[in-house]
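Basis for what follows: all heavy atoms, side chains included, without hydrogens, waters or symmetry-related copies. Just so it is clear, the structure is predicted and the values come from calculations on it, not from any experiment.
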Amino acid sequence: MASTKPIQRITLFKIPKQEDQDKLLEIYRHMPEKAVKDGKPYILSVKPGRAFPDQRAQGFTVAVVSVFSSLEDMQFYDNECKAHAELKSFAKTVHQGAMMVFYESIFD
């Protein structure tokens, strides 16, 4: 059964160097218009930022909330999107840990 609710995705990175954080955040800044499917942007929103220093952050320094209209769009992002492939290529060279979860809100 296909979902009718947007998919919320939270991605966390442990990136120690501020200049590497800056570069990743800049890549995310342009993701909504660079990520295209069938010639059109398909990500509903991308909200990246730096995590506040706090022991509960467990060393994660960058957090991103991305919203997709469907699970299929998120899977396209993971497996076929050229813009996301570029982001992953950079992130792999600078992060010391990453984590991602996705869900449908029970309140929408």
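Note: the hydrophobic cluster containing M31 does not contain V67 (ILVMFWY, side chain heavy atoms under 4.5 Å, direct or indirect links). L44 and V36 are members of different hydrophobic clusters when ILVMFWY side chains are connected at heavy-atom separations under 4.5 Å. Both M99 and V65 are assigned to one and the same hydrophobic cluster, defined by single-linkage of ILVMFWY side chains at heavy-atom distances under 4.5 Å. Placement of F102 and L12 in two distinct hydrophobic clusters is found when ILVMFWY residues are connected by side-chain heavy-atom separations under 4.5 Å, directly or transitively. Under a hydrophobic-cluster definition in which Ile, Leu, Val, Met, Phe, Trp and Tyr are linked whenever side-chain heavy atoms come within less than 4.5 Å, directly or via other members, Y103 and F60 are assigned to the same cluster.
At distances below 3.5 Å, not a single donor-acceptor pair connects side-chain atoms of T61 with backbone N or O atoms of P16. Looking only at distances, no side-chain donor or acceptor of K5 sits under 3.5 Å from a matching main-chain atom of F107. Put simply, the side chain of K37 never gets that close to the backbone of C81: no donor and acceptor are under 3.5 Å apart. One N or O on the side chain of Q21 and one on the backbone of I15 form a donor-acceptor pair closer than 3.5 Å.
Taking 4.5 Å as the limit, every side-chain heavy atom of V64 sits out of range of all side-chain heavy atoms of L25. I7 has its side chain out of reach of D73: every pair of non-hydrogen atoms, C-beta onward, lies at least 4.5 Å apart. Between F68 and I43, the closest side-chain pair of non-hydrogen atoms falls below 4.5 Å.
For F76, the CZ atom is densely surrounded, since the number of other residues' heavy atoms within 6.0 Å is greater than 12. More than 12 heavy atoms of other residues, nucleotides or ligands shown are found within 6.0 angstrom of NZ on K14.
Considering NZ of K47 and CD1 of I10, their distance stands at 12.5 Å, rounded to 0.5 Å.
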Under 3.5 Å, which donor-acceptor pairs do the side chains of residues 89-97 form with other protein atoms, sequence neighbours left out?
from : atom 1 : to  : atom 2 : distance (Å)
T93  : OG1    : F90 : O      : 2.6
H95  : ND1    : G97 : N      : 2.9
H95  : ND1    : G97 : O      : 3.4

Decide side-chain contact (heavy atoms from CB on, under 4.5 Å) for D78 and R9; before the verdict, give the C-alpha distance in whole Å, the side-chain angles of both, and the deciding distance to 0.1 Å.
CA-CA 11 Å; D78 279 338; R9 174 181 171 129; 2.9 Å; yes
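A98 approaches F13 most closely through the heavy-atom pair CB-CD2, 4.0 Å. Shortest non-hydrogen contact noted between Y28 and Y77 is CE2-OH, 3.9 Å.
Checked for salt-bridge contact, R29 and E26 meet the test: a charged N lies under 4.0 Å from a carboxylate O.
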